[in-house]
Protein chains: 2
Amino acid sequence: MALPDTRTKILDAAERLFAEHGYRGTSVRAITDLAGANLAAVGYHFGSKAELLAAVARRVTEPIIAAQSAGLDELLARTPDPSVAELVEAFAGPLFDGMPAGDESGARTSRLIVTILSDPAEEARSWTGPDEDTVGERYLAAFARALPGLAPQELLFRMRGILAVTAVDRVEVYNRPSAACPTATEGEEARRWAITFLTAAMSAPPTRAWR
Amino acid sequence: MALPDTRTKILDAAERLFAEHGYRGTSVRAITDLAGANLAAVGYHFGSKAELLAAVARRVTEPIIAAQSAGLDELLARTPDPSVAELVEAFAGPLFDGMPAGDESGARTSRLIVTILSDPAEEARSWTGPDEDTVGERYLAAFARALPGLAPQELLFRMRGILAVTAVDRVEVYNRPSAACPTATEGEEARRWAITFLTAAMSAPPTRAWR
DNA sequence: AGCTGAGTTAAACGTTCGTTTGAATCGAAC
DNA sequence: GTTCGATTCAAACGAACGTTTAACTCAGCT
C-alpha cells in the first residue's frame with residue numbers, strides 16, 4: 001500500500017481536529033503532530049491555516065453536493081414533477097451517507113460541516129465553492145413546482161429547516177456520551193426518521209397570511 | 001437614570017461579543033474594552049472567562065425556559081391532553097420572543113444560544129442550569145401522550161429537530177447581509193412559519209420499522 | 001483622624017498562537 | 001558526480017492570549 005503523502009496526511013488530521021474542536025480550537029501544531037509532519041508543512045503546502053480549512057471544506061463537501069446533484073438528475077429524468085418525498089430524500093439523503101457501520105469518518109464529516117457552517121470565525125465562511133449554490137437553487141425550483149401556493153420566502157425557510165434538522169441531528173449523534181460509535185442501524189434509522197420528519201414538514205400547507 | 005455597574009456592563013458586552021464571534025473568538029480584552037472596564041474586572045467579578053460565559057448563558061436562557069415552563073402549565077391547566085400544535089407553539093414560541101421591532105437584542109440572544117450550543121469549546125457546554133432538563137422532560141412526556149405509537153427514540157429525534165429549526169433560522173436571520181435589522185413582521189412571520197413547519201413534522205406518522 | 005474592605009487600576013506574568021526563516025535532505029535529470 | 005527543484009526540518013519571530021499581582025481609590029464606619 002502506498003503510504004499517503006504529507007499533504008493528505010495533514011488534510012486528514014485537520015479534518016478530524018476541525019470537526020472535534022472547531023477552527024479556533026485547533027492549533028496548527030496539533031494538526032501537524034497528529035499528521036506526523038513538521039509544523040512548517042502547513043505553510044508550505046497550503047499557505048496558511050485559513051487556506052487549509054478551505055481545502056478541508058472543499059474535499060468534504062464536494063462529494064455531497066455531487067450526490068445531491070446526481071440524485072436530482074435521476075429524479076428529473078424519471079418524471080418532470082417529482083414528489084416532495086422524493087425531493088427530500090434526494091436532497092437530505094447524501095447528508096447522511098458515508099455514515100454507517102463502525103466507520104466513524106461519516107459522523108466526523110457531518111460534524112465537520114456543521115462546525116464549519118456554524119463557526120463564528122470569518123475564515124470558516126469564506127471558502128464558498130461555486131457549485132453548492134447552483135444545486136441549492138435547482139432544488140429550490142423543483143420544490144417550488146412540487147409545492148404550488150407556497151410563498152418563496154416560506155419555501156426558503158423550509159429548505160433551511162432541512163439543513164438544520166440533518167445537521168443538528170448529526171452533531172447530537174456524534175456527541176452522545178455513551179456508545180461513541182453509532183451502529184449501522186442507528187445511522188440508517190436516523191436517516192429514515194429525518195426523511196419522514198422533513199417530508200411531513202415540507203408538505204405542510206402554506207401558513208396563512210398574518211392578520 | 002442609574003448607570004449600570006461594572007458587573008452588568010461586562011455581562012452586556014460579553015453577551016454581544018460571544019454572540020458575534022463565539023467563545024474562543026472573543027478575548028477578555030475585547031469584552032472589557034467594549035464595557036469600558038478594566039481588564040482585571042473579569043477575573044474579579046467572575047473568576048475566569050469560562051465562568052463569565054456561564055453567567056451570560058444563565059442570564060439569557062433563564063427567561064426562555066421559564067416561559068416554556070409557564071406555557072406548559074397554562075396548557076395543562078386547560079386540558080390534560082394538549083394537541084401537538086399547542087405543544088409546539090408553547091415549546092418553540094419562547095425561542096422566538098424578544099425578537100421583534102428594531103430591537104436587535106432578540107436576534108442577538110437567539111444567536112448567542114446557538115453559538116454557545118454549537119461551540120466546540122468544552123467551556124461552552126459546562127454551565128448546565130438544572131431547570132432546562134426538567135422542562136424538556138415535561139414536554140417530552142406531553143408529546144409522548146399526544147403522539148401515541150411513536151417510539152421514544154424517534155420522539156427524541158423530533159424534539160431535537162424543533163431546536164434545530166428554530167436555532168438555525170435565527171442564525172440565518174441574523175447573518176443576512178442586507179437589512180441587518182429584521183422588521184417586526186419578519187420576526188413574526190418566521191415564528192408562524194416555524195410553527196406550521198414543526199407542527200406538521202411532529203404530527204407525521206411513525207416511521208415504519210426498518211426492513 | 002484612622003481603619004476597613006470592596007472595587008479599580010496599570011503592569012507584568014508565562015504560555016500559546018500562526019507564521020517565517022534558512023539550512024538540511026532527497027530523488028531525479030544531466 | 002554534480003546540479004536542481006521540491007520537500008522537510010529545527011528554531012525562532014512577534015503578537016495575542018488568560019490570568020495574576022500589588023498598589024491605589026474611596027465611601028462608610030468607629
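Just so it is clear, the values below take in all heavy atoms, side chains as well, and ignore hydrogens, waters and symmetry mates. Below, chain A is the first sequence line, B the second, and so on; all start at residue 1.
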Mind checking what makes ring pair (Phe, Tyr, Trp, His ring centres under 6.0 Å) contact with B:Y139, not counting sequence neighbours?
->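 Only B:F91 meet the ring pair (Phe, Tyr, Trp, His ring centres under 6.0 Å) criterion with B:Y139.
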Looking at residues at least two apart in the chain, or sitting in another chain, which of them share a side chain to side chain contact (heavy atoms under 4.5 Å, CB included) with B:A70?
->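 None.
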Treating [X] as the side-chain partner and [Y] as the backbone partner, does any N or O pair qualify as donor plus acceptor under 3.5 Å?
X: A:T8; Y: A:L11; answer: no
X: B:S69; Y: B:I65; answer: no
X: A:R158; Y: A:M202; answer: yes

Can a side chain N or O of B:S27 be found less than 4.0 Å away from OP1 or OP2 on D:dC17?
-> yes
Dump the intermediate steps for side-chain hydrogen bond (donor to acceptor under 3.5 Å, both in side chains) on A:T134 and A:E137, then the final yes or no.
-> CA-CA 5 Å; A:T134 69; A:E137 286 174 13; over 6 Å; no
Of the non-hydrogen atoms in [X] and [Y], which two are nearest, and what is the gap between them?
X: B:A90; Y: B:P94; answer: O-CD, 3.1 Å
X: B:A204; Y: A:T196; answer: CB-O, 4.0 Å
X: B:L155; Y: B:L140; answer: CD2-O, 3.7 Å
X: B:V56; Y: B:A14; answer: CG2-CB, 3.9 Å

Could you please spell out the steps behind the salt bridge (Lys or Arg N to Asp or Glu O under 4.0 Å) verdict for A:E89 and A:R192?
-> CA-CA 9 Å; A:E89 168 102 40; A:R192 291 163 51 81; over 6 Å; no
Contacts of B:L39 and B:R7 projected onto DNA chain C by closest heavy atom; the upstream (5') one is B:R7
Separation of B:H45 NE2 from B:K9 NZ (nearest 0.5 Å) | 9.5 Å
Neighbours of DNA chain D within residues 28-35 of chain A, by heavy-atom distance under 4.0 Å |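 Correct list: A:R29.
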Pull out every residue in residues 40-52 of chain A that has a heavy atom closer than 4.0 Å to any atom of DNA chain D, ordered by number, or say none.
->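 Residues of residues 40-52 of chain A that come under 4.0 Å of DNA chain D are, in numerical order, A:A40, A:Y44, A:H45.
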Degree of bending in the helix from C:dA1-D:dT30 to C:dC30-D:dG1 once both end axes are built from five pairs, to 10° |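 Comparing the axis at each end, I get an angle of 20°.
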SB check B:R7 B:D12 (cutoff 4.0 Å) =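 Looking at B:D12 together with B:R7, the answer is no, because their closest N to O distance does not fall below 4.0 Å.
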Nucleotide range of DNA chain C contacted by chain A, 5' to 3', under 4.0 Å to a heavy atom?
->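 The contacted stretch runs from C:dC17 to C:dT21.
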